[in-house]
Amino acid sequence: MKKTDFFDRVYKVVAKIPKGKVTTYGAIAETCGIKSAARTVGWALNGMHENGLPCHRVVNRRGALTGKIHFGDVNLMEELLRSEGVEFDENECVIMDKYFWIPAKSVKIRKGKKRKQN
DNA sequence: AACGTGACTTATT
DNA sequence: GAATAAGCCACGT
């Protein structure tokens, strides 16, 4: 068991993201067993983004492409998602209601509580 | 070992 | 509703 086991889990989860869908850091973290490690998930991607991970399918909870900065080319990430059929709203956020996908299974994610929705 | 950083999230003001 | 604070985990120095 490597200390980077968390990275391996993130890798596996991100690699499982279907084309044309996106997920959130929190969902990945939760799937990895650590719900509150959303930051670490993004950090992990930064360490393995060169391993061929579709990190462009990973967005923050609002659907904003926060990782586009580290992705390399800011425009590239958006183009990739659009190329897969993902659409964005005026706020540059992915339409989560349609493209949000959960790594584990379509089980509960919001705990049934109403989201803040900024 | 301790402090600081970070592609986040939630709660409080 | 928007802005600010704190919490969270793992890694780097």
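The chains referred to below are lettered A, B, ... by the order of the sequence lines, with proteins before strands, and numbering in each begins at 1.
Closest contact between the side chain of A/W43 and the listed nucleotides B/dT9, B/dA7, B/dG6 involves B/dG6. The listed nucleotides are B/dA7, C/dC11, B/dC8; the one nearest the side chain of A/F7 is C/dC11. Side chain of A/I34, nearest nucleotide from C/dC9, C/dG12, B/dT9: C/dC9. The listed nucleotides are B/dT9, C/dC9, B/dG6; the one nearest the side chain of A/A38 is B/dT9. Closest to the A/N60 side chain, of the nucleotides B/dC8, B/dG6, B/dT10, is B/dC8. Side-chain proximity of A/A37 to the nucleotides C/dC9, B/dT10, B/dA7 is greatest for C/dC9.
Considering only side-chain N and O atoms, A/R39 lies nowhere under 4.0 angstrom from the phosphate OP1 or OP2 of B/dA7. Contact check, A/T66 against B/dC8: a side-chain N or O comes under 4.0 Å of OP1 or OP2.
The interatomic distance linking A/Y25 (OH) with C/dC8 (C1') rounds to 16 Å, in whole Å. For the pair A/F100 CZ and B/dT9 C1', the interatomic distance rounds to 13 Å; values are reported in whole Å. Following rounding to the nearest Å, A/R61 (CZ) and B/dC8 (P) show an atom-to-atom distance of 13 Å. The distance between atom NZ of A/K35 and atom P of B/dC8, rounded to the nearest whole Å, is 17 Å. In this structure, A/L45 places its CG atom 16 Å from P of C/dA10, rounding to the nearest Å. Atom P of nucleotide C/dG7 and atom CD of A/E30 are separated by 21 Å, given to the nearest angstrom. When rounded to the nearest whole Å, the span between CG of A/L76 and C1' of B/dA7 equals 15 Å. One can place CZ of A/R9 at 14 Å from P of C/dC9, the figure rounded to the nearest angstrom.
Here A/E92 pairs with nothing under the salt bridge (Lys or Arg N to Asp or Glu O under 4.0 Å) rule; sequence neighbours left out.
Every pair tested for ring-ring contact (aromatic ring centres under 6.0 Å, His included) that includes a residue from residues 16-41 of chain A fails, sequence neighbours excluded, so the list is empty.
At a cut-off of 3.5 angstrom, the base of C/dC9 holds at least one donor-acceptor pair with the side chain of A/T40.
Remark: the backbone N or O of A/H56 is not paired with any side-chain donor or acceptor of A/K68 at under 3.5 angstrom. No donor-acceptor pair closer than 3.5 Å links the side chain of A/N91 to the backbone N or O of A/C93. The main-chain N or O of A/C32 is found under 3.5 Å from a side-chain atom of A/R9 such that the two form a donor-acceptor pair.
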